[in-house]
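To keep things clear, I will list the structure first and then write my remarks on it.
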Amino acid sequence: MESVRFGIIGCGAAAAFHTAGFEGIRDSKVSFVAAHDIDEEALHNFARTQSVVPYRSLEELLESDIDSVLILLPHYLHASVTKEAAKAGKHVLCEKPMAITLEECDEMIEATRKAGVKLMIAENHRFLPAHQLIKNFVERGFVGNVFLGRTYEGAFTDPNEFLDPEIWHFTYAKGGGGVLMDQGPHKFAMLNWILDSQVESAQCWLSKALPSPASKGEDSAAILLRYENGAMMDVVVSSSAVHPPNNVTEFHGTKGTILEDHSWEKPVKVLSSHPEAEKQGEYYSPEVEHGPFPKYYPISARVEDTYFADCILHDRKPEFTPEQAKEAIAV
């Protein structure tokens, strides 16, 4: 097997990011060959533009000769479809959040373990090159011991997403809640990984700038985290703040500082006295593959999809484990 044959389940905006990541790339380890969506028009259009085989039923897709599925569905369906795919012997790459309850996370882990297939959550913040660079700097001691930091994600959403009770997004029943469940896992998975520690205590404040129905969760959230290693982190997420979608992160340590802003062409700035620092004692911006929104989405999708395919091809357990994805939900 030279490439992994993926079947895409859910042909919405997320599918477009994943396929866009491979435009113009030859000899990829990832082959998108099939798709399923209950919206027949969306399925037809996606299959035509991406040259994949459309399947009108999930059962038919899972009976085909694909090796793995890429689940891009509303959050409440992640667990049930993962279990169906595992039962059919297909590896599973599932978009975040892993699930809307910890119990469902456990069911996904058990089902894939029992079936002997691999499971990874497509947490693009774990695979964004800028974040991988920051992780490398922190591991090598460029900033010493991180004691303080903050991170923000603003992903402005059409107010109708909150105001319309018929749209599943941000509902408690199908989305697991508001922006904390929608964007929070990005932040928690990233912080847990880069800090190499787990959250010891947390406080959270939720608010609604929009008069959304009771079935919908918050549109902004502010979180304070204290980690077991002593680091304190300020996390803010919002879908009601009006500006281009962006992520901003800071890590302050005993020997330096790392700043990141996804709107910058060079998204990382480093201040360090480390002997291997490119410039000691002053800020510098190292080279890393990146592009301001929306470019970094297909970049990170390509990296994570290729990584998972490589794990399948070489029978390796993904470094980003389902248990780690579950921990982000636990936070």
Option from H131, Q183, K187 for which side-chain hydrogen bond (donor to acceptor under 3.5 Å, both in side chains) with N247 holds: K187

Would you say K216's side chain and H169's backbone share a donor-acceptor pair under 3.5 angstrom? yes

Would L119 end up clustered with L61 when hydrophobic side chains under 4.5 Å apart are linked, directly or stepwise? yes

CD1/I134 to CD/E250 distance, rounded to the nearest 0.5 angstrom? 11.0 Å

Mind checking the CG-CE spacing from L224 to M233? Nearest 0.5 Å is all I need. 10.5 Å

Can you tell if the side chain of K326 reaches within under 4.5 Å of the side chain of M108, non-hydrogen atoms only? no

Donor-acceptor pair, side chain of K118 and main chain of I312, under 3.5 angstrom: no

Are the side chain of T306 and the backbone N or O of V303 linked by a donor-acceptor pair below 3.5 Å? no

H262 side chain to N246 main-chain N or O, any donor-acceptor pair under 3.5 Å? no

Relative to each other, are the rings of Y152 and H243 parallel, tilted or perpendicular (30° and 60° limits)? tilted

Looking only at heavy atoms, what is the nearest atom pair of S3 and D67, with distance? O-OD2, 4.1 Å

Between V117 and I71, is there shared hydrophobic-cluster membership here, with clusters defined by ILVMFWY side-chain heavy atoms closer than 4.5 Å? no

Testing the basics here: between A155 and S239, what is the closest heavy-atom pair and its distance to 0.1 Å? O-OG, 3.0 Å

Would the distance check show the side chain of H186 and the main-chain N or O of E153 forming a donor-acceptor pair, the cut-off being under 3.5 Å? no

Let me see the working for L180 and I223 under side chain to side chain contact (heavy atoms under 4.5 Å, CB included), right down to the final yes or no. CA-CA 9 Å; L180 184 62; I223 308 102; 3.7 Å; yes

Counting heavy atoms not belonging to K135, are there more than 12 under 6.0 Å from its NZ? yes

For the residue pair A86 and A115, what are the closest heavy atoms and their distance? O-CB, 3.2 Å

Working note: N45 + R48, criterion side chain to side chain contact (heavy atoms under 4.5 Å, CB included); need CA distance, chi angles, decisive distance, verdict. CA-CA 5 Å; N45 290 337; R48 176 175 51 81; 3.5 Å; yes

Hey, could you give me the CD/OG1 distance between E161 and T171, rounded to the nearest 0.5 Å? 11.0 Å

Do E123 and K96 meet the salt-bridge criterion of a basic N to acidic O distance under 4.0 Å? no

According to a 4.5 Å side-chain heavy-atom criterion applied to Ile, Leu, Val, Met, Phe, Trp and Tyr, with indirect links allowed, do V288 and I258 form part of one hydrophobic cluster? yes

Atom pair NZ/CG of K174 and L73 - distance to nearest 0.5 Å: 12.0 Å

Quick one: list whatever passes side-chain hydrogen bond (donor to acceptor under 3.5 Å, both in side chains) with E287, sequence neighbours left out. K266

Carefully, step by step, assess Y296 and L128 under the rule side chain to side chain contact (heavy atoms under 4.5 Å, CB included). CA-CA 7 Å; Y296 60 81; L128 189 72; 3.8 Å; yes

Just so I know, are the side chains of D310 and R316 near enough to count as touching, which here means a heavy-atom distance under 4.5 Å? yes

Are L58 and V53 connected in the hydrophobic side-chain network, where two residues link if heavy atoms are under 4.5 Å apart? yes

Once the angle between the rings of Y307 and F127 is folded into 0 to 90°, is it parallel (under 30°), tilted (30 to 60°) or perpendicular (over 60°)? tilted

Flag if over 12 foreign heavy atoms under 6.0 Å of CG, N145: no

Can you tell me if D182 uses its side chain to pair, donor with acceptor, with the backbone of G175 under 3.5 Å? no

CG of L313: more than 12 outside heavy atoms within 6.0 angstrom? yes

Kindly state each residue pair satisfying side-chain hydrogen bond (donor to acceptor under 3.5 Å, both in side chains) with at least one member in residues 68-84, sequence neighbours excluded. K83-E107

Should we say atom CD of Q280 is surrounded by more than 12 heavy atoms from elsewhere, each under 6.0 Å from it? yes

Less than 3.5 Å apart, which donor and acceptor atoms pair up between the side chains of residues 4-25 and the rest of the protein, not counting sequence neighbours?
residue, atom, partner, partner atom, Å
R5, NH2, D65, OD1, 2.9
R5, NH2, D65, OD2, 3.3
H18, ND1, D305, OD1, 3.2
H18, ND1, D305, OD2, 2.8
H18, NE2, E95, OE2, 3.0
T19, OG1, A15, O, 3.1
T19, OG1, A16, O, 3.2

In short, S215 meets P165 closest at the heavy-atom pair OG-CB, 4.4 Å

Taking C-beta and beyond as the side chain, do I121 and F320 meet within less than 4.5 Å on heavy atoms? yes

So do H290 and E260 actually touch side chain to side chain, heavy atoms under 4.5 Å? no

Nearest 0.5 Å please: distance from the CD atom of E276 over to the CZ atom of F142. 5.5 Å

Counting C-beta onward and ignoring hydrogens, is there a side-chain heavy-atom pair between F137 and V270 closer than 4.5 Å? yes

Is V81 reachable from V52 through a run of hydrophobic residues whose side-chain heavy atoms are each under 4.5 Å from the next? yes

Please round to the nearest 0.5 Å and tell me the distance separating atom SG of C105 and atom CD1 of I100. 10.0 Å

Should Y55 and L62 count as side-chain neighbours, where that means a heavy-atom distance under 4.5 Å? no

Would you sort out whether F147 and H252 count as a side chain to side chain contact (heavy atoms under 4.5 Å, CB included), showing the intermediate values? CA-CA 6 Å; F147 60 87; H252 301 279; 4.2 Å; yes

Is E304 reaching over with its side chain to a backbone N or O of N124, donor-acceptor style, under 3.5 angstrom? yes

Do other residues, nucleotides or ligands put more than 12 heavy atoms under 6.0 Å from the NZ atom of K317? no

Check whether more than 12 heavy atoms from other residues, nucleotides or ligands sit under 6.0 Å from atom CD of E2, and answer yes or no. no

If we ignore hydrogens and angles and just use 3.5 Å, is the side chain of S197 paired with the main-chain N or O of N229 as donor and acceptor? yes

Using modelled atom types and a 3.5 Å cut-off, is there a donor and acceptor pairing between side-chain atoms of S28 and backbone atoms of V30? yes

Of all the heavy-atom pairs spanning P318 and C311, show the shortest one and how long it is. CA-SG, 3.8 Å

Would you say CZ of R140 has more than 12 non-hydrogen atoms from neighbouring residues, nucleotides or ligands within 6.0 angstrom? yes

F293 versus P244: any side-chain heavy-atom pair under 4.5 Å? no

Taking the side chain as every heavy atom from C-beta outward, state whether V179 and E218 have any atom pair closer than 4.5 Å. yes

If you look at every heavy atom in T112 and I109, which pair is closest and at what distance? OG1-O, 3.1 Å

